[in-house]
Amino acid sequence: MFIDPGKLEIRLRDEFGGTMGQSRVVVRQAVDLADSGQYQADVGATLTNDVVIEELSDAPDGPPTDRWNWWIGSLEIAYGGYGQFGIRRYQNQE
């Protein structure tokens, strides 16, 4: 696996703020996306912690969940089939 969940969670909070619940749900979705192989098949690159942080850095200001949904929306428009990786709900833990 090229996503390191523990490190990604910390980097998300360091880079974009937000709550523990927000960063955890983004990590879960990133792991699911990486495991699916869809990103690699469409983009031709491995999904890594660095890729997630870089892509979310391009999103408008907001917490990790908003940035993630913005990026997933971009992938949906470009390739289709990414809606399942969007975030609809999460537990808002501090």
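Computed over heavy atoms, backbone and side chain alike; hydrogens, waters and symmetry mates excluded. Counting from 1, the numbers follow the sequence of the chain as shown.
- Two different hydrophobic clusters hold F16 and I10 under the rule that ILVMFWY side chains link at heavy-atom gaps under 4.5 Å.
- One finds the CD1 atom of I77 at 11.5 Å from the CD1 atom of I72 (value rounded to the nearest 0.5 Å).
- Atom CD1 of I3 sits about 12.0 Å away from atom CD of Q29, to the nearest 0.5 Å.
- Minimum heavy-atom separation, V25 to Q22: CG1-O, 3.2 Å.
- Nearest heavy atoms, P63 versus G18: CB-CA, 4.3 Å.
- Annotation: the span from E9 atom CD to D14 atom CG amounts to 10.5 Å, rounded to 0.5 Å.
- The distance from the CD atom of E15 to the OG atom of S23 is 12.5 Å, given to the nearest 0.5 Å.
- A 4.5 Å side-chain heavy-atom check between E55 and D58 finds at least one atom pair inside the cut-off.
- One finds the CG atom of L47 at 10.0 Å from the CG atom of D35 (value rounded to the nearest 0.5 Å).
- Atom CG of D61 sits in a sparse spot, with 12 or fewer heavy atoms from other residues, nucleotides or ligands closer than 6.0 Å.
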Margin query: Checking W71 against Y39 for the ring pair (Phe, Tyr, Trp, His ring centres under 6.0 Å) test, could you report, in this order, the C-alpha distance in whole Å, the side-chain angles of both residues, the deciding distance, and whether it holds?
Written below: CA-CA 12 Å; W71 182 48; Y39 180 81; 5.7 Å; yes

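- Residues I53 and L8 have side chains in contact (heavy-atom distance under 4.5 Å, counting atoms from C-beta outward).
- A donor-acceptor pair is defined here as one N or O able to donate and one able to accept, closer than 3.5 Å; such a pair exists between the side chain of Y82 and the backbone of Q38.
- No donor-acceptor pair under 3.5 Å is formed between the side chain of N69 and the backbone N or O of G86.
- Here CH2 of W68 is found 9.0 Å from CG of L12. Values are rounded to the nearest 0.5 Å.
- Annotation: side chain of P5 is in contact with side chain of V31 (closest heavy-atom distance under 4.5 Å).
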